[in-house]
Amino acid sequence: MKRVLFALIVTVSAVAIAVPGAWGVRGLNRINSAMPMGFNQICFNLMTSYWTAETTFLNYQYHSHNTGQDYLFPEVSNKEHLFRGLFSIGYGAWDYIDVGFRLTYYSNLYQRGLYEERSTGQWEEFNALSDYGAMIKGGYNPLPGELADVLWAGAAAWAEMSPSDSNFVQCRDEQDGTWFTGQPMSQLRYPYASNGDGFGFDLIATGDFGYWVPMVPIRAHLNMGFASYSQQFDYWDFRASETETGWDFSDSTFVNLTVKDNVLSYGFGLEVPTPSADILFEYKGYSFLDRTGESLSYLSPGIRFKTASGMFIDITYDMIGGEFDPLYHDLGHGLYQDSTVVVTEADRAARAPLPIPGAYDWGISFNMGFSGDLVQTTDQGPRLGTLNGTVTDSLTGRPVFATITFPGVPVSNVTSDAQTGFFVVHVPAGELPVTVVAPGYRHSSTVLSMSRNATQSIDFRLAPNLGAVSGAVRDGQGRAVAGASVTIGSTSPVTVTTNAAGVYSASVEAGTWPVTAQAGGYLTDNQNVTLAPNATTTLNFTMRDALQEGQVMSFDNIYFDSGSANIKPESYPVLDSVAILLRDNPSARIQIAGHTDSDGSTASNQSLSERRAQSVHQYLVSKGIAGSRMTSIGYGEDRPVVANDSAANKARNRRIEFTVLSI
């Protein structure tokens, strides 16, 4: 029963459907995938998007024609709302060729801030069918054999046109018109319903990294493209001046303007499938080659819900990058207000709106649709079959978490369950190559013949890739450390013990693994090792001494200038070794004690011992040891280790001792 239930869950989550992007072909939102949908696949996609931005005017001066008075408002905020509706259809015309069609509708609203004595309206809006277009996209897998599904390369070409009646400037309320001097005008980020006519092409690459990283089956897409847009503007421009009773219009002129933009686009996207949904992330940038420094970008995380029936729902959030300057979206109207300035077509074209929706504050998109086989008109039925089975270890029979791939076939990879080894996936009918990969195991491949509406089961028993590691464990003096524990942390960790010569050896799965060596009285040592199948790798360890609480280390070869606390240079190597030992034991705290011989007065010897201990403290701090880990003290001549009855004994009594206070 548990296996049947798991099969149902995996069927829902692992079904390979070709979910479309904005153009109706396989992809995310703005990013296309190089993988084709597959012959006879069809997608229907309905996308709704909303973007908004707010523009604030400070110290806004307004003249009321009703009262004849001037008003000064500290702040007036206007908001822009752009709604887009997009319907697209995609079809797999061949195993490697997709075609897509789309219609786009825009509704643009400008919301003026309300303030006292305002005689004009608050809202200005227009909406219209923006454009219709088509795309053709091809994709193929350039790598042979079992790597055929790892990388896809492709290209797409597209063209779009706009209805003629939405190419014109639209001014709704005359009192609120877009061209009024001194007013917070509706110089919008996307001021018209159409972006004009356009065409372009894209180069596309898709990599399925689940082949190498089965536990994180990420699919990545890279897009690079070029587009050319042509916008047509036919409108009357005029000079407007404010009088006591209203507006005076003069010097009207008809403008017939064609604006061309060449645009370089670039972007990448990531898909991370999970059992319940796909996590999406995409970045798309545009550089406007005919406008100095003009660029636009969208950073869009999202989530995609899919079902076995082919239904899908996407939710995407847009973080939008780009600067918006209202002066460069008024088609030169601001320049025309100065009667001494001759406004050329080039001036107006430089201030034309961008052909792509502009730098809004943020946006969100909701996308839903269906992807599946085109409805059959014969009795052949759908061109799909169901493949299921298990993946296990050939030596132990245990379940293996593996990735099941289909080289050269546009079917998404699936993974087996780590607890049961079970997998299930819908695949196209016909000859079907299958390759199973898992870390630490040899690949297993076969070719199946799948019939329509058939269910076929196949079990894969993967042989583990074994490598060997051996080496010696020695202490800082080069002596063998017997009985040390060495653990190789593979998917099935292996622990061995060194012999009397300090030597160990072990056989584990091929791959890169952490190795840990432990022994009493020594610090634990960690290294990484990369093991190749059927090969032996040597990995040696040098164990560092571990400090113990109460331990006393005494040095009579730390030298100072006579009667001084200045450390002589020949003492530096000894003190450096102490610093290394403290770095190896980062939690240890020590006491530094200074001792002298009996020459000189008791008071002077006491002071000298304290100063020498402090000098050692300062030296160790200069080597990166925290001062809070060390205390210093001087004992003068009070604690000799031998009698002060000879020069040799006095030299032994002039010493520095380190006592471990805690570990």
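Scope of the values below: all heavy atoms of this structure, side chains included, with no hydrogens, waters or symmetry mates. Start at 1 with the first residue, then count along the sequence.
Remark: side-chain polar atoms of Arg26 are paired, donor with acceptor, to backbone N or O of Pro36 under 3.5 angstrom. At least one donor-acceptor pair closer than 3.5 Å links the side chain of Arg461 to the backbone N or O of Ser394. Remark: the backbone N or O of Val400 is paired with a side-chain donor or acceptor of Ser416 at under 3.5 angstrom. A donor-acceptor pair is defined here as one N or O able to donate and one able to accept, closer than 3.5 Å; no such pair exists between the side chain of Ser444 and the backbone of Leu462. Not a single donor-acceptor pair under 3.5 Å links the side chain of Arg102 to the backbone N or O of Gly133. With hydrogens and angles disregarded, no donor-acceptor distance shorter than 3.5 Å links the side chain of Asn45 to the backbone of Ala22. A side-chain donor-acceptor contact under 3.5 Å links Asp197 to the backbone of Ser162. Here the side chain of Asp361 pairs a donor or acceptor atom with the backbone of Glu54 at under 3.5 angstrom. Within the 3.5 Å criterion, the main-chain N or O of Trp158 finds no donor-acceptor partner in the side chain of Lys137. At least one donor-acceptor pair closer than 3.5 Å links the side chain of Gln456 to the backbone N or O of Ser449.
Contact check for Phe406 versus Pro428: no side-chain heavy atoms found under the 4.5 Å cut-off.
Under 3.5 Å, the side chains of Asn262 and Tyr229 contain no donor-acceptor pair of N or O atoms. A donor-acceptor contact closer than 3.5 angstrom is absent between the side chains of Thr405 and Asn413. For Ser287 and Ser295, the side-chain atoms include no donor-acceptor pair closer than 3.5 Å.
To the nearest 0.5 Å, atoms OG1 (Thr392) and CZ (Phe460) are separated by 11.0 Å. Phe281 contributes atom CZ, which lies 11.0 Å from atom CG of Leu28 (distance to the nearest 0.5 angstrom). Expressed to the nearest 0.5 Å, how far NE2 of His426 lies from CG of Asn388 amounts to 10.5 Å. Distance check: Met311 CE to Ser371 OG gives 11.0 Å after rounding to the nearest 0.5 Å. We find the CG-OG1 distance between Leu432 and Thr446 to be 9.5 Å, quoted to the nearest 0.5 Å. Separating the CG atom in Leu354 from the CZ atom in Phe288 is a distance of 4.5 Å, to the nearest 0.5 Å.
In this structure Tyr360 satisfies the side-chain contact (heavy atoms from CB on, under 4.5 Å) test together with Trp51, Ala53, Glu80, Leu82, Arg189, Tyr190, Ile320, Pro357, sequence neighbours excluded. By the salt bridge (charged side-chain N to carboxylate O under 4.0 Å, His left out) test, Asp314 is found to be paired with Arg304, residues two or more places apart in sequence or in another chain being considered. For Ser297, there are no side chain to side chain donor-acceptor pair (under 3.5 Å) partners two or more places apart in sequence or in a different chain.
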Applying side-chain contact (heavy atoms from CB on, under 4.5 Å), run through Trp152 and Asp208 and close with a yes or a no.
CA-CA 9 Å; Trp152 290 78; Asp208 195 335; over 6 Å; no
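Electrostatic pairing of Arg291 and Asp261 counts as a salt bridge here, judged by a charged N lying under 4.0 Å from a carboxylate O.
A cation-pi contact, defined as under 6.0 Å to the ring centre and within 45° of the axis, is absent between Arg348 and Phe233.
For the pairing with Glu282, the side-chain contact (heavy atoms from CB on, under 4.5 Å) check across Asp318, Leu270, Asn29, Asn223 returns one residue only, Asn29.
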